[in-house]
Amino acid sequence: MSKRKAIEDLAAAADGSSCVEITPLGAGQEVGRSCIILKYEGKTVMLDCGIHPAYSGINSLPYFDGCDVTTVDVALITHFHLDHCAAVPWLLRKTKFKGRIFMTHPTKAIYNSLLRDFAKSSKGSADEQLYDESDVEASLDRIEVIDFMQTLDVNGIKITPYRAGHVLGAAMFMVEVAGMRCLYTGDYSRIPDRHLPCADIPPVRPDIVIIESTYGVSRHLPTEERERQFLSRITSTVKRGGRVLLPVVALGRSQELLLMMDEYWEQHPELQGVPMYQASGMMRKALTVYQTYVEMMNEDIRRVFHERNPFNFRHVTHLKNSQNFDDIGSCVLMATPSGLQSGVSRDVFEAWCEDERNAVIICDFAVQGTLAREILGGPTHVLTKTGMKKPLKCSVDHISFSAHADFDQTSGFLDTVQPPHVVLVHGEATEMGRLKGALERGAAALSITRNVFTPKVNQTVQIAHKPLRLVRVVGRLAEKPPHEGQQVQGVLVAPLSTKGQASTAQTTLMHPDDLPAFTKMYRGRVTQRQAISVGEKPFSDLRLALEVMFEGVEGAGTVPVSGVRASEDQTEGGPSVRVGDHVTVSYRTASLGTDAHVVVEWEGGKVGDMVADAVVAVLLQAVGEPAGVVMAEEARQAALLRNDSAAATTAELQLIAALLQAQFGPAVVDEAAGTVEVTVDNQTAIVDYHPGKVICSEEGLRVRLEKAVSRLLEALRPCPLGE
């Protein structure tokens, strides 16, 4: 651990804070395989679980080895795009994930069709196929649905989805754990379009926002300007006899573009002779879902839907497959995928790219590593799927209709919700760095506290946050509700999380005697005893000393301690007294090899220990000095006055023997050897006076004697004042 990290941990512990840990398993300084792990107070949440569109097979998955998926309590899927949900069947069927998983109703409906199609299309290669259709089918049984604005509590984790714009059913998730609120936007848009409302502003302020940074500091053109350029480019291309290829994601922007072009064709009869095609079976099947969830769309679509089905396009032909496509004359073709890395869009691109009359319009974000991103760089040639080199003569334009937030939307959204901490994900490193600087400067200008983080994949961000502690009072403690400011004492019980750690969720406060009723635990008791030699002091004197110091000393003879089984010593018949409710003092007469002594017995605890300490102090004062100590000390002082070091040493040996006998048992002095032999429970130890060493076969007794001898020698030989 670094010195700085240690200081931060100490500072967090000092003010009661815990650390929120955020780790991207994907989408960290990259666009693709969104999968974020959020950990706090023993809870773990997975946010999205997608693949990277530029890779295939295992290489496209999030870095699951960066997290123990068995510890994940819940997974939240924001929307149905492959880079956010296509790794879900792998997670549910190929790993030991045991948590719950949620998405909205439209997302689950489209997820089913989309991932069946994805699994079917990857059947050709064992290296590329992550799962099959049966895995998709099985995953549906575990996926639960949630509505916008609905709050669920999953094992102490509060989850609330808000509308994110972007695509049908897309959600932003507010996650709350122990009072810490974290908003994960997923892909979102604050600008309404033809069929979807814009993203919501949450009614509560989050402490942390994990937000996409796809477009960095770039700004989208106004919607009207983008539509004008887009339709103008299509019109000019078809009028010169060319063909227009629109590589798109099957669901989302494609529906928006079809609505726009169908309306434009309706308004321009001169274009109605030019066919418009869409070549995605998934796009065609998903239109049924769009019609089902029309109430989740904006007011314009709902109003039109009362008159006609706006998704029953008047000028668009759905191609069942690319073989049925009659590639003659001008046309507009919408095909998947948007990155041109495979499928129909790639086949058509390779067929059309050599004709300068044709046009390719990239309408979405072009991910790094895809052919779509490559041709935006203006190359003169491209490689086909078979490795052949072809000239690129068709025009290539990037007119983005992406429903990702640009800089103005991102900065405006954050200025409104004002989180003190922002974590940027789903963006390329350069753009993410620029956005971080711009957001920090904007916050400083508005005097807003804002810490911005840009983690890489598998790099953990730690944010200190003081958890909100909520405790449920039960049992006899709850019989009389406490008033404000009153202290309530009891046993705090926190259930273990799935990770075997104490969890703050459902923490309960109860009286110790209520433990069996509300838990599987029972109250334990520790009985402690201490023997004190009393020499010739009669028990009546000891009892009087206790009565003078304490009120409530009761009994003569044997008085049992309530709740504690009588010890063997108590059954020997000596007199006993009880001090209050906590301490019993029992007298034991002298016997063979044992001096007269008292046994102090009490139940361990804060009050019992305190009373026992006071009782022991009273008894020691009443007993006075152990036998032989006074005589040995007088002999030592006289020898020191005569400067008789030999006599002083002998007296010290006798003094140490007397003190050890009072504490441990019989002690015999060997003046010639300079040793004391101590016997405890039939164990013999030899104390060598000069070096202060103890020889004993029983390790525990040896350690106790060495500590006692060390303290006695320190008392007998104090340091000179000059030192």
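These numbers come from the heavy atoms of this one structure, side chains and all, not from hydrogens, waters or symmetry mates.
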Around Met521, counting heavy atoms of other residues, nucleotides and ligands shown, do more than 12 lie under 6.0 Å from its CE? yes
Counting distance only, does the side-chain N/O of Arg142 pair as donor-acceptor with the main-chain N or O of Gly99 below 3.5 Å? yes
For Ala617, check side chain to side chain contact (heavy atoms under 4.5 Å, CB included) against everything at least two apart and list the hits. none
Shortest non-hydrogen contact from Leu424 toward Val422: CD2-CG1, 3.9 Å
Test side chain to side chain contact (heavy atoms under 4.5 Å, CB included) applied to Val585 and Leu619, Leu542, Val618, the passing residue: Leu619
Is a side-chain N or O of Gln661 found less than 3.5 angstrom from the main chain of Ala667, in a donor-acceptor match? yes
Thr584 side, atom OG1; Trp602 side, atom CH2 - distance, nearest 0.5 Å: 11.5 Å
For the residue pair Gln462 and Cys19, what are the closest heavy atoms and their distance? CB-SG, 4.4 Å
Could you tell me which residues satisfy side chain to side chain contact (heavy atoms under 4.5 Å, CB included) with Asp670, sequence neighbours excluded, listed by chain and number? Ala672, Ala673, Thr675
Backbone N/O of Thr44 and side chain of Asp73: donor-acceptor pair under 3.5 Å: yes
For the residue pair Phe539 and Tyr587, does the interplanar ring angle fall in the parallel (under 30°), tilted (30 to 60°) or perpendicular (over 60°) class? tilted
Ion pair present between Glu706 and Arg702, side-chain N to carboxylate O less than 4.0 angstrom? yes
Closest approach of Cys182 to Ile210 (non-hydrogen atoms, all atoms of both residues): SG-CD1, 3.7 Å
For Leu515 and Val493, what are the C-alpha separation, side-chain angles and deciding distance, and is it a side chain to side chain contact (heavy atoms under 4.5 Å, CB included)? CA-CA 9 Å; Leu515 282 172; Val493 180; 4.0 Å; yes
For Val491 versus Pro512, what's the shortest heavy-atom pair and its separation? CG2-CG, 3.7 Å
With distance as the sole criterion, is a donor-acceptor pair present between the side chains of Ser18 and Glu41 under 3.5 Å? yes
Evaluate side chain to side chain contact (heavy atoms under 4.5 Å, CB included) for Ile157 paired with Val175, printing each intermediate quantity in order. CA-CA 7 Å; Ile157 305 169; Val175 177; 3.7 Å; yes
Please determine which of Ile532, Val579, Val577 meets the side chain to side chain contact (heavy atoms under 4.5 Å, CB included) test together with Val615. Val579
So how far is it from Ile22 CD1 to Tyr184 OH, rounded to the nearest 0.5 Å? 11.5 Å
Would you give the length of the straight line joining atom CZ of Arg181 to atom CG of Asp207, rounded to the nearest 0.5 angstrom? 7.0 Å
Do you know which two heavy atoms are closest between Ala647 and Arg642, and how far apart they sit? CB-NH2, 3.8 Å
Pair Val72-Cys67, side chain to side chain contact (heavy atoms under 4.5 Å, CB included): steps then yes or no: CA-CA 9 Å; Val72 176; Cys67 170; 4.1 Å; yes
Given 3.5 Å as the limit, does a donor-acceptor pair link the side chain of Arg33 with the main chain of Asn59, or not? yes
For Val680, enumerate each residue passing the side chain to side chain contact (heavy atoms under 4.5 Å, CB included) test, keeping only those at least two apart in sequence or located in another chain. Phe664, Val678, Leu701
Quick one: side chain to side chain contact (heavy atoms under 4.5 Å, CB included) partners of Asp541, sequence neighbours excluded? Lys537, Pro538
Count the heavy atoms of every other residue, nucleotide or ligand shown that sit under 6.0 Å from CD of Gln621, and state whether that count exceeds 12. no
Any pair with a residue in residues 476-495 that passes salt bridge (charged side-chain N to carboxylate O under 4.0 Å, His left out), sequence neighbours left out, goes on the list, sorted by first then second residue, please. Arg476-Asp513, Arg476-Asp514
Between Tyr40 and His465 (side chain of the first, backbone of the second, donor and acceptor by atom type, cut-off under 3.5 Å), is there such a pair? yes
Hey, could you give me each pair passing salt bridge (charged side-chain N to carboxylate O under 4.0 Å, His left out) that has a residue in residues 88-100? Not counting sequence neighbours. Arg93-Asp135, Lys94-Asp135, Arg100-Glu144
Say you draw a straight line from CG of Leu92 to CZ of Phe97; how long is it, rounded to the nearest 0.5 Å? 6.5 Å
When rounded to the nearest 0.5 angstrom, what distance separates CH2 in Trp90 from CD1 in Ile58? 3.5 Å
Looking at Phe518, I'd like to know if its CZ atom is crowded, meaning that more than 12 non-hydrogen atoms belonging to other residues, nucleotides or ligands lie closer than 6.0 Å. yes
Stepwise side chain to side chain contact (heavy atoms under 4.5 Å, CB included) test for Val623 and Ser533: CA-CA 8 Å; Val623 170; Ser533 177; over 6 Å; no
Between atom OG of Ser710 and atom NZ of Lys693, what is the distance when rounded to the nearest 0.5 Å? 9.5 Å
N/O donor-acceptor pair under 3.5 Å between Glu601 side chain and Thr527 backbone: no
